[in-house]
Amino acid sequence: MPELPEVETVCQALRPVLEGQSFLSIQLNRSNLRYPFPSNLEKELASHPIISVRRRAKYLLIDFKNNLTLIWHLGMSGRVIIENVNALFLKPSPHDHVVFITSHHYKITYRDPRRFGFLLLSPTQELEDLRPFNTLGPEPLDNSKINASSFHNRIKSRSTSLKSTLLDQAVIAGIGNIYASEALWQAWLSPLRPANTLILNEAGILLREIQNVLNCAIAAGGSTLRDHFRPNGDRGYFQHQFKVYNQENKLCSHCNFFPILKLIQNGRSTYYCNHCQK
DNA sequence: AGATGAGCCTGAAGGC
DNA sequence: TGCCTTCAGGCTCATC
């Protein structure tokens, strides 16, 4: 499910709930998700104050005062639910794999039907040396980490398609299948075009449109196709603003003449307008 | 270097 | 209604 905007939405909801607090208990309802859960998770983290909740690419990072960081990836179908223990509103599910209870009586549930997500633990200082963090590209929304020129430099040696390039987390971090198609449409660039054919100006336009589409999606609480819900139970609503994703055969809303096409690149669906995107 | 396919899983949707 | 197939927001590994 979650690309950068959805993870950011979850991060922004968790931050005020968790920062300055601690976990009273961490209940694991199975032994693993994609990977086995860290051993002694509760022992390592319970009662230790949480310093910060942040996001890197599609990863949630929770830093504890004892110099450990909980790495939390939501996989394809992961969902975080925040409830006050005195006002529970969602029915429990067989896919509620982890339940955190905080020191001020909040219940944080991690629900993930497909179980592609995972929790890992790392010393905070060593995080940057750990895969995949040691190979991740820059954050697209951090202007101190990326600009038109540096983005152009990162893609100008790539002979593969623009769509594949945007999905490569080592080139730029956090973009997934939805927002790659949407950003390329907004920039009038074909997903099939080799990345190394972009001139500086075009790379700048693409970066600007990546930032626009991600910022709009964050403001809308992300996109809810089926699995993504905000931690308070609301849906995101950016899916109503999709210009190409899931819009196969509808008329392109720019030229209003040619239909949106769908093709498979690297095993993933790509949507685009063959007339407007060059 | 890049493309492709498989694998990790469940569940929704569509075809018959 | 029910069975079957296909597909889905991510990531990693093996192979060509």
Side-chain angles (χ1 to χ4, degrees), chain A residues 1-11 29-37 55-60 71-80 93-98 110-120 130-137 154-184 191-197 210 213-214 216-218 220-230 235-242 244-249 262-271:
Chain A
M1 157 212 64
E3 305 184 28
L4 186 155
E6 289 76 31
V7 180
E8 180 64 25
T9 299
V10 173
C11 185
N29 292 333
R30 51 181 299 120
S31 63
N32 70 312
L33 288 171
R34 184 187 174 109
Y35 308 121
F37 287 126
R55 178 192 57 74
R56 174 76 170 105
K58 300 169 196 171
Y59 297 82
L60 282 169
I71 303 163
W72 190 353
H73 196 288
L74 304 178
M76 291 276 263
S77 59
R79 172 178 177 190
V80 175
S93 146
H95 304 298
D96 293 348
H97 306 306
V98 187
Y110 178 39
R111 180 176 296 179
D112 186 357
R114 292 177 69 182
R115 308 209 300 265
F116 286 172
F118 52 86
L119 295 177
L120 296 172
L130 207 69
R131 283 188 67 197
F133 299 100
N134 57 357
T135 57
L136 276 181
R154 298 187 78 85
I155 65 175
K156 69 182 182 186
S157 61
R158 306 270 169 166
S159 59
T160 190
S161 69
L162 276 175
K163 171 74 176 340
S164 296
T165 302
L166 293 186
L167 290 183
D168 186 341
Q169 302 298 299
V171 173
I172 186 167
I175 300 172
N177 207 38
I178 293 176
Y179 299 106
S181 280
E182 292 295 320
L184 286 167
L192 295 162
R193 188 161 153 194
N196 60 9
T197 64
I210 289 168
V213 78
L214 294 177
C216 288
I218 291 168
S223 304
T224 298
L225 297 186
R226 52 175 67 95
D227 294 314
H228 170 66
F229 288 84
R230 306 173 76 167
R235 291 166 179 276
Y237 49 90
F238 189 72
Q239 66 279 7
H240 302 304
Q241 298 176 51
F242 287 168
V244 286
Y245 187 82
N246 260 351
Q247 308 300 308
E248 186 182 13
N249 293 329
K262 174 183 177 178
L263 61 86
I264 304 296
Q265 287 177 290
N266 301 88
R268 320 285 311 272
S269 297
T270 296
Y271 300 87

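Naming convention: chains lettered A, B, ... in sequence-line order (proteins, then strands); numbering from 1 in each chain. These values consider heavy atoms only, across backbone and side chains, with no hydrogens, waters or symmetry-generated copies.
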Q | Any N/O donor-acceptor pair, A/R114 side-chain to B/dC9 base, under 3.5 Å | A | yes

Q) A/D112 has an atom CG; how far is it from atom P of B/dC9, in whole Å? A) 12 Å

Q) Quick one: A/Y35 OH to B/dG7 C1', roughly how many Å, whole number? A) 12 Å

(Q) Taking any heavy-atom pair under 4.0 Å as a contact, classify A/R131: base, sugar-phosphate, or nothing. (A) sugar-phosphate

Q.
Any strand counts, and the cut-off is 3.5 Å on both contacts for Watson-Crick or G-U wobble. Which nucleotide pairs with C/dT12?
A. B/dA6

Q: Scan A/R34 against the nucleic acid and name what it touches under 4.0 Å (heavy atoms): base, sugar-phosphate only, or nothing.
A: base

Q: Ignoring the backbone of A/R115, work out which of B/dG11, B/dC9, C/dG10 is nearest its side chain.
A: B/dC9

Q. So, is A/S223 close to the C/dG9 phosphate, meaning a side-chain N or O under 4.0 Å from OP1 or OP2?
A. no

Q: Rounded to the nearest angstrom, tell me the gap between atom CZ in A/F118 and atom C1' in B/dG7.
A: 15 Å

Q. Can you find a side chain N or O atom of A/S159 that sits less than 4.0 Å from OP1 or OP2 on B/dG2?
A. yes

(Q) Heavy atoms only, 4.0 Å cut-off, all strands: where does A/N177 land among base, sugar-phosphate and nothing? (A) sugar-phosphate

**Q.** Length of the CZ-C1' vector between A/R158 and B/dG2, whole Å
**A.** 10 Å

Q.
What I want to check is whether the side chains of A/K262 and A/N246 have a donor and an acceptor closer together than 3.5 Å.
A. no

Q) Is there a donor-acceptor pair closer than 3.5 Å between any side-chain N or O of A/T197 and the backbone N or O of A/P194? A) yes

Q: Mark yes or no: A/R79 above the aromatic ring of A/F229, with NZ or CZ under 6.0 Å from the six-membered ring centre and no more than 45 degrees from the axis.
A: yes

Q.
Give me the distance, rounded to whole Å, that separates C/dT6 from B/dA6 when you measure between the P atoms they each carry.
A. 13 Å

Q: Identify whether any heavy atom of A/K262 sits under 4.0 Å from a base atom; if not, whether one sits that close to sugar-phosphate; answer base, sugar-phosphate or nothing.
A: sugar-phosphate

Q: Taking only the side-chain nitrogens and oxygens of A/S269, find out if one of them lies under 4.0 Å from OP1 or OP2 of C/dA8.
A: yes

(Q) Over all strands shown, is A/G176 touching base, sugar-phosphate only, or nothing at heavy-atom distances under 4.0 angstrom? (A) sugar-phosphate

Q) Is the A/H97 ring parallel, tilted or perpendicular to the A/Y110 ring (thresholds 30°, 60°)? A) perpendicular

**Q.** Value in whole Å for how far the C1' atom of C/dT12 lies from CG of A/L136
**A.** 14 Å

Q: Respond yes when some side-chain nitrogen or oxygen of A/H95 is under 4.0 Å from OP1 or OP2 of B/dG11, and no when none is.
A: yes

(Q) Do A/Y59 and A/P132 make a side-chain contact, defined as non-hydrogen atoms from C-beta onward lying under 4.5 Å apart? (A) yes

Q. Hey, does the side chain of A/H73 come within less than 4.0 Å of C/dC11's phosphate (OP1/OP2), counting only N and O?
A. yes

(Q) Can you identify which nucleotide, out of C/dA8, B/dG11, C/dG10, has its nearest atom closest to the A/K58 side chain? (A) C/dG10

(Q) Using the side-chain heavy atoms of A/F116, tell me which of these nucleotides is nearest: C/dG9, C/dG10, B/dT10. (A) C/dG10

Q. What nucleic acid atoms does A/Y245 come within less than 4.0 Å of, heavy atoms only: base, sugar-phosphate, or nothing?
A. sugar-phosphate

Q: Compare the minimum distances between each of B/dG2, C/dA8, B/dA3 and the side chain of A/N266, then state the nucleotide with the smallest one.
A: B/dA3

Q. Rounded to the nearest Å, what distance is computed from the NE2 atom of residue A/H97 to the C1' atom of nucleotide B/dC9?
A. 9 Å

**Q.** For atom CD of A/Q169 and atom P of C/dT12, their distance in whole Å
**A.** 9 Å

**Q.** A/R158/A/D168 ion pair, N-O < 4.0 Å
**A.** yes

Q: Using the P atom on both, measure C/dC3 against B/dC9 and round to a whole Å.
A: 25 Å

Q) How about A/R193: does its CZ atom have over 12 heavy atoms from other parts shown lying under 6.0 Å from it? A) yes

Q) CD of A/Q265 versus P of B/dG2: gap in Å, rounded? A) 14 Å

